[in-house]
*Asks:* 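Next up is a structure, given as structure tokens.
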Amino acid sequence: MLEIGDLKFNSRLFLGTGKFSDEKIQAAAIEASGTEVLTFAVRRMNLFDKDLPNPLANIDLRKYTTFPNTAGAKTVEETVRIAEIARHAGVCDMIKVEIIGDDKTLLPDPIATYEACQILLDKGYTVCPYISNDVVLAKRLERLGVHAIMPLASPIGTGRGINNPLNLRYIVEQSSIPVIVDAGIGSPKDACYAMELGADAVLLNTAVSNAKDPVKMAEAMKLSIDAGVLGYDAGRIPVRYSAQASSPAEGLEFL
Ligand SMILES: CC(=O)[C@@H](O)[C@H](O)COP(=O)(O)O
């Protein structure tokens, strides 16, 4: 069971809700993924005006924890304002702090992220910052009191998979709060690898929403995450330099 603040989840797949070709496919993919957590950009929602289009309109939101994110924010002030909008709309007190520091790579701004987390923690939010795979920042944020950390696999929407498995492993090993690998997952093997490295969950969007068959891909992601958790728990063999025969050599002297 995954626990973040007061929230508990059986599924370890968090799904982004953007970029689906239509609402029916979105709803079917969400169902197939088995997710319990749906993330969405507060800035893209019309949280107060029911007459304006709502990208989550086709989803039975009673079945899911909605996980607002601050995508689009570039400053601490914007981030806090977006979080307050989500809170006042009654969406959820758990917030993904996403502050882009570079428009080309969409990589997060570590300093603004740290400052925004400090403010949001003081205001009583359950705070989950999106960060690069920066081991030291992850530790500093944990010490600050955040409830989970969300290091990237690779830049958002690139589908490049886990760019720096070593850093991710260092983060996982040193972290006593949940680690949710977020962004850049391209295929089921990437999601499985994240879990084999010891991550607690994966957040992904583009790999499912832009797949040729998003519903099949959502199911594949679910299965790969389950396989990764099982593999991690089972304990993988050490990687060896030298070959080692699989069958015993004893008793083969007659050859
Ligand atoms: C939906 C969301 O929160 C994105 O910002 C997230 O980072 C997903 O990235 P991918 O689209 O690369 O999976």
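Side-chain atoms are counted along with the backbone in the values below, which use heavy atoms only and exclude waters and symmetry mates. As the structure is a prediction and not an experimental result, all values here were calculated from the model.
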*Asks:* What's the separation between atom CD1 in I180 and atom CG in L204, rounded to the nearest 0.5 Å?
*Replies:*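 Going from the CD1 atom of I180 to the CG atom of L204 covers 12.0 Å.
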*Asks:* Nearest 0.5 Å, please: how far is CG in N210 from NZ in K19?
*Replies:*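 So the NZ of K19 and the CG of N210 are separated by 5.5 Å.
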*Asks:* Given side-chain contact (heavy atoms from CB on, under 4.5 Å), test F9 with T35 step by step and report yes or no.
*Replies:* CA-CA 9 Å; F9 307 106; T35 189; over 6 Å; no
*Asks:* Would you say the side-chain atoms of N133 pair up with the backbone N or O of N167, donor to acceptor, closer than 3.5 Å?
*Replies:*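 Not confirmed, N133 side chain does not pair with N167 backbone.
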*Asks:* Kindly say whether T39 contributes a backbone atom to a donor-acceptor pair with the side chain of T17 at under 3.5 angstrom?
*Replies:*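 Such a contact is found between T17 side chain and T39 backbone.
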*Asks:* Work out which heavy atom in A153 is nearest to a heavy atom in I185; give both atom names and the distance.
*Replies:*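 Smallest heavy-atom distance, with atoms named: CB-CD1, 4.0 Å.
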*Asks:* Do the side chains of V135 and L168 join up, straight or via other hydrophobic residues, at under 4.5 Å, putting them in one cluster?
*Replies:*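 Unlinked, V135 and L168 end up in two clusters.
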*Asks:* Using modelled atom types and a 3.5 Å cut-off, is there a donor and acceptor pairing between side-chain atoms of D200 and backbone atoms of V179?
*Replies:*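 Checking the backbone N and O of V179 against the side chain of D200, a donor-acceptor pair under 3.5 Å is found.
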*Asks:* Does a sphere of radius 6.0 Å around CG in L166 hold more than 12 heavy atoms from other residues, nucleotides or ligands, not counting ones at 6.0 Å or beyond?
*Replies:*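 Atom CG in L166 is packed in, count exceeds 12.
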*Asks:* Does a sphere of radius 6.0 Å around CD in E31 hold more than 12 heavy atoms from other residues, nucleotides or ligands, not counting ones at 6.0 Å or beyond?
*Replies:*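 No, CD of E31 has 12 or fewer neighbouring heavy atoms, counting only those of other groups under 6.0 Å.
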*Asks:* Hey, any chance I156 and I95 share a hydrophobic cluster, counting ILVMFWY side chains that come within less than 4.5 Å of each other, even indirectly?
*Replies:*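 No, no single cluster joins them.
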*Asks:* Sequence neighbours excluded and cut-off under 3.5 Å, please list the side-chain donor-acceptor pairs for residues 100-108, or say none.
*Replies:*
unit_1, atom_1, unit_2, atom_2, d
D102, OD2, T105, N, 3.2
D102, OD2, T105, OG1, 2.4
D103, OD1, K74, NZ, 3.0
D103, OD2, K74, NZ, 3.1
T105, OG1, L107, N, 3.3

*Asks:* Are the side chains of Y232 and M195 in contact, using a 4.5 Å heavy-atom criterion?
*Replies:*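 No, too far: nothing below the 4.5 Å cut-off.
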*Asks:* Please check: side-chain N/O of T70 versus main-chain N/O of T79, any donor-acceptor pairing under 3.5 Å?
*Replies:*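 Between the backbone of T79 and the side chain of T70 there is no qualifying donor-acceptor contact (under 3.5 Å).
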*Asks:* Working to the nearest 0.5 angstrom, can you tell me the gap between L141 CG and T113 OG1?
*Replies:*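 Result: 7.5 Å between the selected atoms.
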*Asks:* Kindly indicate, with the supporting measurements, whether the criterion side-chain contact (heavy atoms from CB on, under 4.5 Å) is fulfilled by I131 and M150.
*Replies:* CA-CA 6 Å; I131 61 171; M150 307 185 68; 6.0 Å; no
*Asks:* Using modelled atom types and a 3.5 Å cut-off, is there a donor and acceptor pairing between side-chain atoms of R160 and backbone atoms of S154?
*Replies:*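 No; zero donor-acceptor contacts below 3.5 Å.
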*Asks:* Shortest non-hydrogen contact from A211 to M217?
*Replies:*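 Heavy-atom minimum between the residues: CB-CB, 3.7 Å.
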*Asks:* More than 12 heavy atoms of other residues, nucleotides or ligands under 6.0 Å from CG of D6: yes or no?
*Replies:*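 Incorrect, the count does not exceed 12.
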*Asks:* Testing the basics here: between G159 and D190, what is the closest heavy-atom pair and its distance to 0.1 Å?
*Replies:*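 Taking G159 first and D190 second, the nearest heavy atoms are O-OD2, 4.5 Å.
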*Asks:* Checking S175 side chain against V172 main chain: does a donor-acceptor pair fall under 3.5 Å?
*Replies:*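 Pair absent, no side-chain N/O of S175 close to backbone of V172.
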*Asks:* Please tabulate, for the side chains in residues 118-128, all donor-acceptor contacts under 3.5 angstrom to protein atoms that are two or more places apart in sequence or on a different chain.
*Replies:*
unit_1, atom_1, unit_2, atom_2, d
K123, NZ, E84, OE2, 3.3
Y125, OH, A83, O, 3.1
Y125, OH, E84, N, 3.4
Y125, OH, E84, OE1, 2.4

*Asks:* Are the side chain of E36 and the backbone N or O of T65 linked by a donor-acceptor pair below 3.5 Å?
*Replies:*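 Flag not set: sc E36 to bb T65 has no pair under 3.5 Å.
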*Asks:* Kindly give the heavy-atom pair with the smallest separation between P129 and V146, and that separation in Å.
*Replies:*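 The pair with the smallest heavy-atom distance is CD-CB, 3.9 Å.
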*Asks:* Are V202 and I149 connected in a single hydrophobic cluster, I mean Ile/Leu/Val/Met/Phe/Trp/Tyr linked by side-chain heavy atoms less than 4.5 Å apart?
*Replies:*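 Different hydrophobic clusters.
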*Asks:* What are the two closest heavy atoms between K96 and F67, and how far apart are they?
*Replies:*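 Looks like N-CE1, 3.4 Å.
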*Asks:* To the nearest 0.5 Å, how far apart are CD1 in I82 and CD1 in I99?
*Replies:*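 Output value for this atom pair is 9.0 Å.
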*Asks:* S11 side chain to L13 main-chain N or O, any donor-acceptor pair under 3.5 Å?
*Replies:*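 The answer is yes, because a donor-acceptor pair under 3.5 Å joins these two groups.
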*Asks:* I would like to know whether L152 and D182 meet side-chain contact (heavy atoms from CB on, under 4.5 Å); could you show each step before the answer?
*Replies:* CA-CA 5 Å; L152 53 73; D182 174 15; 5.8 Å; no
*Asks:* Hydrophobic cluster membership, with links at side-chain heavy-atom distances under 4.5 Å among I/L/V/M/F/W/Y: are V97 and V80 in one?
*Replies:*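 They do share one cluster, since a chain of ILVMFWY contacts under 4.5 Å joins V97 to V80.
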*Asks:* If you compare all heavy atoms of T158 against all heavy atoms of G184, which two are closest, and at what distance to 0.1 Å?
*Replies:*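 Heavy atoms of T158 and G184 come nearest at OG1-CA, 4.1 Å.
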*Asks:* Quick check for you: to the nearest 0.5 Å, what is the distance between L203 atom CG and Y130 atom OH?
*Replies:*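 Interatomic distance, L203 CG to Y130 OH, rounded to 0.5 Å: 10.0 Å.
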*Asks:* Can you tell me how far OH of Y64 sits from CD1 of I30, rounded to the nearest 0.5 angstrom?
*Replies:*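 It comes to 6.0 Å.
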*Asks:* I would like to know whether L2 and F14 meet side-chain contact (heavy atoms from CB on, under 4.5 Å); could you show each step before the answer?
*Replies:* CA-CA 12 Å; L2 170 62; F14 292 14; 3.9 Å; yes
*Asks:* Between S209 and N205, does any side-chain donor sit less than 3.5 Å from a side-chain acceptor?
*Replies:*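 A pair is found: one side chain offers a donor N or O, the other an acceptor, under 3.5 Å apart.
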*Asks:* Verify, without hydrogens or angle tests, whether R87 (side chain) and D93 (backbone) share a donor-acceptor contact under 3.5 angstrom.
*Replies:*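 It does not hold such a pair.
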*Asks:* Donor-acceptor pairs are to be reported for all side-chain atoms of residues 218-229 against protein atoms at under 3.5 Å, with residues two or more places apart or in another chain.
*Replies:*
unit_1, atom_1, unit_2, atom_2, d
S224, OG, P188, O, 3.3
S224, OG, A220, O, 3.3
S224, OG, M221, O, 2.9

*Asks:* Going by an N to O cut-off under 4.0 Å, is there a salt bridge joining E77 and R81?
*Replies:*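 Answer for the salt bridge query: no.
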